[in-house]
There are 2 protein chains.
Amino acid sequence: MSKGQQTRAVILSEALRAASVEGFQGISIGMLADRLKMSKSGLFAHFGSKEELEKALLDESAKRFMARVWEPARQAPRGRPRIEAMFHGWLDWSLHNDDLPGGCLFVTLAAEYDDRPGPVRDHLAELQTRWQGMMIRSAQIAIQEGHFRADLDPKQFAYELQGIFLTLNYYRRLLRDGSAVRRAELAFTGLLTRSAATH
Amino acid sequence: MSKGQQTRAVILSEALRAASVEGFQGISIGMLADRLKMSKSGLFAHFGSKEELEKALLDESAKRFMARVWEPARQAPRGRPRIEAMFHGWLDWSLHNDDLPGGCLFVTLAAEYDDRPGPVRDHLAELQTRWQGMMIRSAQIAIQEGHFRADLDPKQFAYELQGIFLTLNYYRRLLRDGSAVRRAELAFTGLLTRSAATH
DNA sequence: CTAAATTACGAACGGTCGTTCGGAAAGTCA
DNA sequence: TGACTTTCCGAACGACCGTTCGTAATTTAG
């Protein structure tokens with residue numbers, strides 16, 4: 001890895017940490033340069049604009065999410081086991097992620113960008129739509145395997161699964177409610193129970 | 001109402017609109033002054049600091065929410081009807097609120113402030129905790145009235161109800177998914193069904 | 001080792017930020 | 001109407017924003 005790519009990776013990691021707490025609106029080139037003890041212009045040169053930095057952060061975060069949540073889950077057996085693996089990986093990503101002190105970046109950005117048109121919003125929405133697609137397909141496989149009810153609506157399943165994590169973030173990080181994780185787990189087992197095939 | 005209070009109310013309304021889209025980080029004194037065709041310093045004088053403006057916005061938004069969602073629901077009969085009224089008022093607040101073009105301010109702020117300590121975060125968290133309390137008490141009443149199962153966990157009920165609205169916002173505003181409202185309604189009727197007493 | 005290419009820096013740009021202050025304008029009340 | 005208070009404005013403050021540019025330092029490749 002060349003020196004440039006190496007520096008770029010360090011910048012992305014630090015920016016990811018900062019953005020998970022402050023959002024994209026809350027980070028600045030100068031602040032990142034200070035933290036990394038390098039010059040504004042030197043840091044800036046790696047991306048050409050703040051918007052490009054933001055898009056790079058989206059990609060980096062998606063890459064890490066896929067590596068940590070999706071890839072391991074894909075190793076699990078098709079159907080319900082895979083969905084359970086997905087849930088636990090996602091939970092682990094949300095709770096024990098030292099790279100993201102402010103929690104999942106996508107949750108932070110979802111609210112920040114949902115009404116602010118532009119390339120960043122578009123990029124974020126596409127990544128999130130893609131993730132919905134993976135959840136939907138996983139639910140379809142579980143139906144196909146006979147683990148889930150044949151009349152289950154896979155998209156509704158994805159909707160409610162996504163909701164569990166949005167709510168987890170809200171209860172845990174904003175309300176600082178100690179029972180948040182347990183409630184998320186309860187919600188998930190409830191969702192599984194009512195999705196399960198009755199045989 | 002004196003001239004000052006009148007102006008203050010106008011500022012709050014405009015700031016509320018802007019903040020629902022951009023968040024508190026995205027609004028500035030200068031931008032609000034421009035939109036209202038008044039001077040920065042004139043606008044500023046009504047609050048003394050940006051932070052005071054932000055706290056005033058939290059209170060104003062909470063006041064409107066209570067007037068539009070909670071007060072009407074309180075008129076409904078105790079128990080399940082009141083909870084259904086709450087849901088529909090909340091849905092109406094989320095969907096048809098011309099005063100908040102960016103959707104519910106609390107949803108926007110929840111992600112923005114969950115990891116940023118300070119008076120604004122504290123104020124927001126307290127308002128939201130209070131709202132959780134109202135939902136919990138409503139669920140308790142529904143149990144008491146025999147509408148909900150005696151072994152229902154009221155806090156888990158509140159958790160999942162809150163989740164429906166967080167997810168609605170995400171699907172509707174970020175993903176622009178046309179089925180978002182229907183999915184929220186489905187999730188709510190599902191929640192009601194599994195909370196209902198079996199008599 | 002040398003020469004070319006990459007990477008990093010410092011200084012400066014026009015703008016906008018929140019905030020301060022003194023005085024002009026407008027509202028309030030006898 | 002007149003006196004007094006409240007409301008508002010314009011100018012300015014230092015700080016920080018994203019961005020540009022010429023140049024120095026370092027890395028890379030022959």
Side-chain angles (χ1 to χ4, degrees), chain A residues 1-19 21-58 60 108-109 112-113 116-121 123-124, chain B residues 1-19 21-58 60 108-109 112-113 116-121 123-124:
Chain A
M1 183 153 64
S2 74
K3 182 72 200 311
Q5 293 177 336
Q6 195 175 309
T7 307
R8 193 186 143 103
V10 171
I11 296 172
L12 285 178
S13 287
E14 186 61 40
L16 226 48
R17 264 189 290 276
V21 174
E22 314 271 355
F24 283 172
Q25 300 197 80
I27 64 173
S28 74
I29 311 285
M31 152 204 162
L32 293 173
D34 273 356
R35 294 196 189 184
L36 294 170
K37 294 179 203 319
M38 62 183 297
S39 68
K40 269 173 66 173
S41 52
L43 191 152
F44 182 85
H46 282 273
F47 303 96
S49 73
K50 198 196 171 191
E51 191 174 286
E52 283 303 317
L53 164 61
E54 291 168 349
K55 288 198 268 184
L57 286 171
L58 288 177
E60 177 66 19
T108 304
L109 296 181
E112 185 174 351
Y113 279 93
R116 310 178 71 215
V120 174
R121 195 216 111 91
H123 201 137
L124 172 64
Chain B
M1 183 150 68
S2 75
K3 182 73 202 308
Q5 294 178 334
Q6 196 174 309
T7 308
R8 193 186 143 101
V10 171
I11 296 172
L12 285 178
S13 287
E14 186 62 41
L16 226 47
R17 265 190 289 277
V21 175
E22 313 271 357
F24 283 172
Q25 299 198 83
I27 64 173
S28 74
I29 311 285
M31 151 203 164
L32 294 172
D34 273 356
R35 294 195 190 184
L36 294 168
K37 293 181 205 316
M38 61 183 297
S39 68
K40 268 173 67 174
S41 51
L43 191 151
F44 182 84
H46 282 273
F47 303 96
S49 74
K50 198 195 172 191
E51 191 174 285
E52 283 304 317
L53 165 62
E54 291 168 351
K55 288 198 267 184
L57 286 170
L58 288 178
E60 177 66 19
T108 304
L109 296 182
E112 185 175 352
Y113 278 93
R116 308 176 72 216
V120 174
R121 196 218 110 93
H123 201 137
L124 172 65

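Proteins come first, then strands; the chains are lettered A, B, ... in the order of their sequence lines, and each starts at number 1. All values reported here derive from a predicted model rather than from experimental measurement.
- Toward the 5′ end of DNA chain C lies the nearest nucleotide of Ser41(B), the other residue of the pair Gly4(B) and Ser41(B) mapping further downstream.
- At whole-Å resolution of the value, NZ in Lys40(B) and C1' in dA11(D) are 11 Å apart.
- The salt bridge (Lys or Arg N to Asp or Glu O under 4.0 Å) check on Arg8(A) picks up nothing, with sequence neighbours excluded.
- Out of dA8(C), dT7(D), dT20(C), the shortest distance to the side chain of Phe44(B) is found at dT20(C).
- The side chain of His46(B) places an N or O atom within less than 4.0 Å of a non-bridging phosphate oxygen (OP1 or OP2) of dC8(D).
- Atom-to-atom, CD1 of Ile29(B) to P of dT16(C) comes out at 16 Å; the value is rounded to the nearest Å.
- Closest to the Lys3(A) side chain, of the nucleotides dA8(C), dG27(C), dG18(D), is dA8(C).
- Here dG18(D) presents its C1' atom at 15 Å from CE of Met31(A), a figure rounded to the nearest Å.
- Side-chain nitrogen and oxygen atoms of Ser39(B) include none within less than 4.0 Å of the OP1 or OP2 phosphate oxygen of dC8(D).
- The CG atom of Leu57(B) lies 10.0 Å from the NZ atom of Lys50(B); values are rounded to the nearest 0.5 Å.
- For the pair Lys50(A) NZ and dG18(D) P, the computed distance is 5 Å after rounding to whole Å.
- Put simply, CG on Leu43(B) is 13 Å from P on dG10(D), counting in whole angstrom units.
- The CE-P distance, from Met1(B) to dT7(D), rounds to 12 Å in whole Å.
- Here the C1' atom of nucleotide dC8(D) and the CD atom of Gln6(B) are 14 Å apart, to the nearest Å.
- Annotation: of the two residues near DNA chain C, Ile27(B) and Ser2(B), the 5′-most nearest-nucleotide partner is Ile27(B).
- Between Arg8(A) atom CZ and dT6(C) atom P there is a gap of 16 Å when expressed in whole angstrom units.
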